[in-house]
Student: 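Structure provided below as structure tokens; questions to follow.
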Amino acid sequence: MSKLKIVGMGPGSPDYVTNIAKESVQNAEIVIGAKRALALFQNWISGESLLLTAQNVKEGLQYGVKSAKADKNVVILSTGDPGFSGLLGSLLNIAGKDVDVEVIPGVSSIQVCAARLRMRWDTADLLSFHADTSYEKKMKLVEALKDGKRVILLPDPKSFTPKDIARFLIDQGIRGETPVSVCENLTLENERTVTFTLDRILNQEFDVMCVMVIGED
Ligand SMILES: C[S@@+](CC[C@H](N)C(=O)[O-])C[C@H]1O[C@@H](n2cnc3c(N)ncnc32)[C@H](O)[C@@H]1O
């Protein structure tokens, strides 16, 4: 059966790129990934590379699957870990049962965020609003907080940013004094972590590259 690898690139710093990720890219005939991913691996790419943009994700993944079926050694790079709000879901849909997809895990932004805040995350709820800002999903967040859970989440960079989230939660009856931390640009030079309360972030802007933690410790 044809094979294809999807490789987690980690949160962005070269320090968090695993050896197996580098080796996979080094051995690949075709590497497919976003600008940030291709830049991070530029020293290890020796074959063809294909840039994924917001406009061509489906076509790029289709090209990867087609090339794998033609026995090319293909690597698809996904930010953080491929299985958390990464490219894995879309890739599996496209690959179907004809291609054996191998997942090489990467360090997720969720993990780095938990580490920065020195929090355990086995007891937290994890949510991603990336590409899913449905009312049902938003209400899952409300229910988790009402149940006293701490939630680690990825905001949606366009339509459910940290301040939108704070507004929504307060409107749904979550206390304005609820603690919230926002970790921006984790592992990168401009990394920043701030801890406030929901009502204090209502008017604040954060970088699109951020992870939020909401709820009592
Ligand atoms: C499409 S999701 C991919 C998540 C990725 N699979 C992961 O495991 O981290 C992209 C979002 O992840 C978050 N993210 C990824 N890298 C980050 C970093 N270095 N610092 C903060 N947030 C990051 C941001 O919320 C960003 O908008």
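Quick caveat: nothing in here was measured; it's all calculated off a predicted structure. Indexing begins at 1, ligand by ligand and atom by atom, following the structure's order.
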Student: Where is the nearest protein heavy atom to atom 21 (C) of ligand 1: which residue, which atom, and how far?
Tutor: M209 O, 3.2 Å

Student: Specify side chain, backbone, both or neither for S128, according to which of its non-hydrogen atoms lie closer than 4.0 Å to ligand 1.
Tutor: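 Neither; nothing of S128 gets under 4.0 Å from ligand 1.
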
Student: Is D125 salt-bridged to R150, going by a charged N under 4.0 Å from an acidic O?
Tutor: no

Student: So, 4.0 Å and heavy atoms of R36: is ligand 1 close enough to count as a contact?
Tutor: yes

Student: How far apart are the C-alpha atoms of L153 and I165, what are their side-chain angles, what is the distance that settles it, and do they pass the side chain to side chain contact (heavy atoms under 4.5 Å, CB included) test?
Tutor: CA-CA 10 Å; L153 65 88; I165 293 172; 3.6 Å; yes

Student: In ligand 1, which numbered atoms sit nearer than 4.0 Å to a non-hydrogen atom of N185?
Tutor: 20 (N), 21 (C)

Student: Could you tell me if S85 and S128 have a donor-acceptor pair between their side chains, going purely by distance under 3.5 Å?
Tutor: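 Judged by distance alone, the side chains do pair up.
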
Student: How far is atom 8 (O) of ligand 1 from its nearest protein heavy atom, and which residue and atom name does that atom have?
Tutor: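 Answer for atom 8 (O) of ligand 1: S108 OG, 2.7 Å.
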
Student: Note the single closest protein heavy atom to atom 26 (C) of ligand 1, along with its residue, its atom name and the distance in Å.
Tutor: H130 NE2, 3.8 Å

Student: List the steps and the verdict of side-chain hydrogen bond (donor to acceptor under 3.5 Å, both in side chains) for T187 and S13.
Tutor: CA-CA 5 Å; T187 77; S13 159; 4.6 Å; no

Student: Of D100, V101, N73, which is the lone residue that meets side chain to side chain contact (heavy atoms under 4.5 Å, CB included) with K3?
Tutor: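 Testing each of D100, V101, N73 against K3, the sole residue satisfying side chain to side chain contact (heavy atoms under 4.5 Å, CB included) is D100.
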
Student: So with a 6.0 Å cut-off around NZ of K22, is the heavy-atom count from everything else above 12?
Tutor: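 Result for NZ/K22: enclosed.
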
Student: Are any of the N/O atoms in L154 less than 3.5 Å from those in ligand 1?
Tutor: no

Student: What residue and heavy atom of the protein are closest to atom 4 (C) of ligand 1, and at what distance?
Tutor: F84 O, 3.5 Å

Student: Could you check whether S90 and N93, counting side-chain N and O atoms only, form a donor-acceptor pair closer than 3.5 Å?
Tutor: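 The criterion, which ignores hydrogens and geometry beyond distance, is not satisfied for S90 and N93.
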
Student: Is V208 touching ligand 1 with its side chain, its backbone, both, or neither, if touching means heavy atoms under 4.0 Å apart?
Tutor: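 The part of V208 near ligand 1 is the backbone, not the side chain.
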
Student: F206 vs F196 aromatic rings, parallel, tilted or perpendicular, using cut-offs 30° and 60°?
Tutor: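 It falls in the tilted class, 30° to 60°.
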
Student: State whether the number of non-hydrogen atoms from other residues, nucleotides or ligands found under 6.0 Å of K72 atom NZ is greater than 12.
Tutor: no

Student: If we only count N/O pairs under 3.5 Å, is P11 in contact with ligand 1?
Tutor: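 Yes - when backbone and side-chain N and O of P11 are compared with those of ligand 1, one distance drops under 3.5 Å.
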
Student: State whether the shortest distance between N or O atoms of T79 and N or O atoms of ligand 1 falls below 3.5 angstrom.
Tutor: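 By distance alone, the answer is yes.
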
Student: Which residue holds the protein heavy atom closest to atom 20 (N) of ligand 1, what is that atom called, and what is the gap in Å?
Tutor: L186 N, 2.8 Å

Student: Considering only NZ, NE, NH1 and NH2 on the basic side and carboxylate oxygens on the acidic side, decide whether E177 and R200 come within less than 4.0 Å.
Tutor: no

Student: If you apply the rule salt bridge (Lys or Arg N to Asp or Glu O under 4.0 Å), what do you find for E59 with K66, and how did you get there?
Tutor: CA-CA 10 Å; E59 292 74 15; K66 196 174 118 199; over 6 Å; no

Student: G80 heavy atoms, cut-off 4.0 Å: which ligand 1 atoms fall inside?
Tutor: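 Counting atoms of ligand 1 from 1, those under 4.0 Å from G80 are 5 (C), 7 (C), 8 (O), 9 (O).
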
Student: Report yes or no: does a heavy atom of S78 sit under 4.0 Å from some atom of ligand 1?
Tutor: no

Student: In a check of side chain to side chain contact (heavy atoms under 4.5 Å, CB included) between M9 and each of V25, L40, V17, which one passes?
Tutor: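 Only one option passes, and that is L40.
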
Student: Nearest protein heavy-atom contact for atom 2 (S) of ligand 1: which residue, which atom, what distance?
Tutor: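 Going atom by atom, the protein heavy atom closest to atom 2 (S) of ligand 1 ends up being S85 O, 3.6 Å.
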
Student: Could an N or O of ligand 1 be found under 3.5 Å from any N or O of G12, whether backbone or side chain?
Tutor: no

Student: State whether the shortest distance between N or O atoms of T187 and N or O atoms of ligand 1 falls below 3.5 angstrom.
Tutor: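 No; every N/O pair is 3.5 Å or more apart.
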
Student: If you measure every N or O of C183 against every N or O of ligand 1, does any of those distances drop under 3.5 Å?
Tutor: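 No, there is no polar N/O contact under 3.5 Å.
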
Student: How far is atom 9 (O) of ligand 1 from its nearest protein heavy atom, and which residue and atom is that?
Tutor: S109 OG, 2.7 Å

Student: Test of understanding: given a 4.0 Å heavy-atom threshold, classify the contact between V112 and ligand 1 as side chain, backbone, both, or neither.
Tutor: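 Neither part.
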
Student: For atom 25 (O) of ligand 1, what is the nearest protein heavy atom, given as residue, atom name and distance?
Tutor: C210 O, 2.7 Å

Student: Could you check whether K138 makes a cation-pi contact with F160, meaning its NZ or CZ is under 6.0 Å from the centre of the six-membered ring and within 45° of the ring axis?
Tutor: yes

Student: Would you mind running through ligand 1 and noting each atom that sits below 4.0 Å from a heavy atom of D81?
Tutor: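 Under 4.0 Å from D81, ligand 1 has these atoms: 6 (N), 7 (C), 8 (O).
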
